[in-house]
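Heads up: the structure comes next, in structure tokens.
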Amino acid sequence: VFRSPTDAVRSLPAIESLLRDLGPQLRRGGTSVDPGALLPTGIGTFDDLLRGGFPRGALSEIAGPFSSGRTSLALALLARTTSTEGIAAVIDGADAFDPISAASAGVDLDRVLWARAPRLRETLRCAERVLEAHGFALVLLDLAGADPRIAPATWPRLSRAAAATGTALVVLSAQRMTGTAAALALETAPAQARFTGTPAVLEELEIRVSLVRHRTAPEARGVCVRLPASRAA
Amino acid sequence: VNDLPLAAELRAHPELSDRPVIVASGPGPRAEIVAISPEAASRGVRRPGSVAHARAICPEICVRTTSPAVESAARAALLDAALSCTPRAVPIPPCAGAYAAEAAVLLDASGITALFRSEAGFAAALCARTRALGLPGNVAVASSRSVAHLAARALRPEGPDAVHVLSPAAETAFLAPLPIDLLDPDDALAEALTRFGVRRVGQLLALPRRALGLRLGPRVLELIARIRGGATEPPLPVPCGLRLVEAIDLEAPVDRLEPLAFALQGLLSRLRDRLAARRLACGDLTISLALEGGGRDARRVGVAAPTLDLRVLVRLLCHALEARPPTAPVESVELETEGRAVREGQLDLFRPAGPAPAVLSRTLAELESLCGRGRVGAPRIADDHREGAFELGPFQPVPRTAPQPAAGGAVRTPAVRALRPPVRAQVRVSRDRPEAIRSAVANGSVVHVAGPWRTTGGWWSRDERFAYDCFDVETSDGTVARLRFDHLRKTWHIDAVYD
């Protein structure tokens, strides 16, 4: 409490110093998420392809077969989000989330809510409930093993819920299923797996990522992303 | 509440409040009329009479059957309204005779002006809270319980006349013109008083007590003591139970979830109003279903955080019923809960941005009801040598104590996608190494292979021991998977895929 304007002016350096120390822990309370906010993955070439990252308040999809790197990209996003933005949820319709792999990818497991839904119907309901809760920065919906014939009304509903709460909803699938409800859609494919050394060990996965839908950048583009089996700065 | 059967039915079915309604003693046209709504009375329906008689007078009349469960819930709701004003309240046991349809609660109003400014303010607040719970109650404040009870009986349920505060000096004057029937004397005493020409309370008080006692016995002295407020009144107990029950008898057996959910919503709505009146929230719910054919289905539905959110409570019950539907059509439903204190959440500047604590608790409860117990939470790495071993702990995001990684310091690594349960594989082996694989995940010849990495453990237990050889393999179809040979069972499985 400042008793006079002079007090306030004298205290400014101390306040600025405090704000610098607190850094990213500070946030504005009671304000909605900036509609243009993005969640980057921290993988430079990939973020460039997305023009900054996955959009908050929108539905995005990563589709691809096994070993196409979609889970690696999702975990990179999860790691970055839990380290900077707040908390995230993994709605695991495929029961495929591996905590050890997530931890080695840099995910803060304390900030991840993992729901292992038994069936597709429950998976979609779980996603809706989490989106309604307001406050999750990212919801990862893993439908990689699910039947792609999901009712078409599902995706606009989930997309609206994500927009209302400012949450980035990212769907993992084996083939594209969200249609035009997705603000951003990616298709991934395996490019190469490198095994080196004696005895041989898996050293690197190389994947191809194609941007097939982007609301603000409609042209299709693609990049190759390398996923080394060791930590890289 | 003077006419409990009608009040209880209208509380359970508020959509009937502006329709002519009668409550019958049982099913069928010959059942006796127990209660009549004002709309039905205005159309000429009278007691005594039968349902057939009422239908002949008013064809559009709505007939409800008395339900002990619904009436019991209404009595409990009346007590809840009283307990919302004072902790010292006790229900008067139901009586036989002319006032069998009455439900009454006695409250200790001593010192109540500290909360409500005046006794009139207290009475008005109590009346409003009773009506908020769907019950048309009368409230009278007097210097003794019996006088207050008699005064409340004499009041009309509608309008400002439903509340009356009697000063000790005015009590006798108020009671004097009231009919003697208000005291509910037994038949013999009522007949004797009528023979004496005593029809009003004032006439009874004017007679000499001693002479009356000699002629009519001690029962008349008890009546006089009640009027004068001199009856023995033991102290009111302090109720401690927070168990709340609501019930409904369905008109016809219900075998689908949707109409059952509709009935549950009504029950939960009434339960929520009662809890809110007592500043409580809903804890774990117990739902008991009476099934057609005499069966019963009772189940407990956990509520992770006490809540009054009707939508959440309905969803929790519906999830529980969807997961294990009743085996037969449902005839009646009873809901029971334990009132819990509401937790107030305080947001923390240093806690990660996320849902409010109460919202998060509700969401977790809903997710657990959808996914099953033990399938929702924060993942933890288990202290175990098995590949992919994990645990699920409670999800409670805490402030970060360790420094955060610098921005841009991304961790890139091929992620593992677990296959639960592992997928069985047929493997052709050459020189102890996999050469070709056939499975639902990866197929073809093995292009690259790394390993094996041997893992053993649990040797002290016949059921838990394991010995695996794990390989990282790339097959000709482009899949990079983790292949596992079980030395104990001599089987091959793929337990994860690099993705």
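Within every chain, numbering begins at 1; the chains are lettered A, B, ... in the order of the sequence lines, protein sequences first and strands thereafter.
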Run B:Glu322 and A:Arg121 through salt bridge (charged side-chain N to carboxylate O under 4.0 Å, His left out) and show every step you take. CA-CA 12 Å; B:Glu322 269 179 17; A:Arg121 189 177 172 198; 3.7 Å; yes
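- When the candidates A:Ala74, A:Pro118, A:Ala102, A:Ala89 are compared by the number of heavy-atom contacts under 4.5 Å with chain B, A:Pro118 comes out ahead.
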Would you please test B:Asp499 and A:Arg70 for salt bridge (charged side-chain N to carboxylate O under 4.0 Å, His left out) and show each step? CA-CA 6 Å; B:Asp499 187 34; A:Arg70 60 203 162 154; 2.8 Å; yes
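- Only the side chain of A:Asp142 comes within contact range of chain B, with at least one heavy atom under 4.5 Å from a heavy atom of that chain.
- At a 4.5 Å heavy-atom cutoff, the contact between B:Val449 and chain A is made by backbone atoms alone.
- Atom CZ of A:Phe195 is separated from atom CG of B:Asp472 by 5.5 Å, given to the nearest 0.5 angstrom.
- Only the side chain of A:Leu75 comes within contact range of chain B, with heavy atoms under 4.5 Å apart.
- The two residues A:Trp114 and B:Leu392 make their nearest non-hydrogen contact at CE3-CD2, 3.7 Å.
- For B:Arg482, no part lies under 4.5 angstrom from a heavy atom of chain A.
- Each of B:Thr479, B:Asp477, B:Ile381, B:Val359 has some count of heavy-atom pairs under 4.5 Å with chain A, and the biggest count is that of B:Ile381.
- Residue B:Arg420 holds its CZ atom at 5.5 Å from CZ of A:Arg116, rounded to the nearest 0.5 Å.
- For the residue pair B:Ala415 and A:Ser72, the shortest heavy atom distance occurs at N-OG, 2.8 Å.
- In plain terms, the two heavy atoms of A:Val201 and B:Ala450 that are nearest each other are CA-CB, 3.8 Å.
- By the 4.5 Å heavy-atom criterion applied to side chains, A:Asp110 and B:Gln396 are not counted as neighbours.
- Chain B forms the most heavy-atom pairs under 4.5 Å with one residue out of A:Thr188, A:Leu202, A:Val90, and that residue is A:Leu202.
- Between A:Val130 and B:Leu367, some side-chain heavy-atom pair lies under the 4.5 Å cut-off.
- Of the atoms belonging to B:Leu370, heavy atoms from both backbone and side chain fall under 4.5 Å from chain A.
- Between chain A and the residues B:Gly393, B:Ala418, B:Ala382, B:Pro379, the most heavy-atom pairs under 4.5 angstrom are made by B:Pro379.
- A distance of 8.5 Å separates CG of A:Leu113 from OG1 of B:Thr363, quoted to the nearest 0.5 Å.
- For chain B, the option among A:Ala200, A:Gly69, A:Pro65 with the highest count of heavy-atom pairs below 4.5 Å is A:Gly69.
- With a 4.5 angstrom heavy-atom cutoff, A:Ala144 touches chain B via backbone and side-chain atoms both.
- With A:Ser101 contributing its side chain and B:Val416 its backbone, the two residues share a donor-acceptor pair below 3.5 Å.
- Contacts between A:Glu132 and chain B at a heavy-atom distance below 4.5 Å involve the side chain alone, from C-beta outward.
- For B:Arg433, the CZ atom is densely surrounded, since the number of other residues' heavy atoms within 6.0 Å is greater than 12.
- For the atom pair B:Leu360 CG and A:Phe136 CZ, the distance stands at 5.5 Å (nearest 0.5 Å).
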Is there a side chain to side chain contact (heavy atoms under 4.5 Å, CB included) between A:Ile87 and B:Phe395 once you walk through the steps? CA-CA 10 Å; A:Ile87 61 174; B:Phe395 180 66; 4.0 Å; yes
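- At a 4.5 Å heavy-atom cutoff, the contact between B:Ala389 and chain A is made by backbone atoms alone.
- Note that OG of A:Ser68 and OH of B:Tyr498 are 16.0 Å apart. Values are rounded to the nearest 0.5 Å.
- Interface residue B:Val497: only side-chain heavy atoms are found under 4.5 Å from chain A.
- Contact of the A:Arg125 side chain with the B:His319 side chain is registered, since non-hydrogen atoms from C-beta on lie closer than 4.5 Å.
- Annotation for A:Ala193 and B:Val480: closest pair CB-CG2, 3.6 Å, computed over non-hydrogen atoms.
- Residue B:Glu474 touches chain A through both its backbone and its side chain, counting heavy-atom pairs closer than 4.5 Å.
- With rounding to the nearest 0.5 Å, the separation of CD1 in A:Ile91 from SG in B:Cys371 is 7.0 Å.
- In terms of heavy-atom pairs under 4.5 angstrom with chain B, the leader among A:Arg194, A:Arg119, A:Arg129, A:Glu122 is A:Arg129.
- Residue B:Arg315 touches chain A through its side chain alone, counting heavy-atom pairs closer than 4.5 Å.
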For B:Ile494 and A:Phe66, run side chain to side chain contact (heavy atoms under 4.5 Å, CB included): C-alpha distance rounded to whole Å, both residues' side-chain angles, the deciding distance at 0.1 Å, then the answer. CA-CA 13 Å; B:Ile494 296 176; A:Phe66 280 128; over 6 Å; no
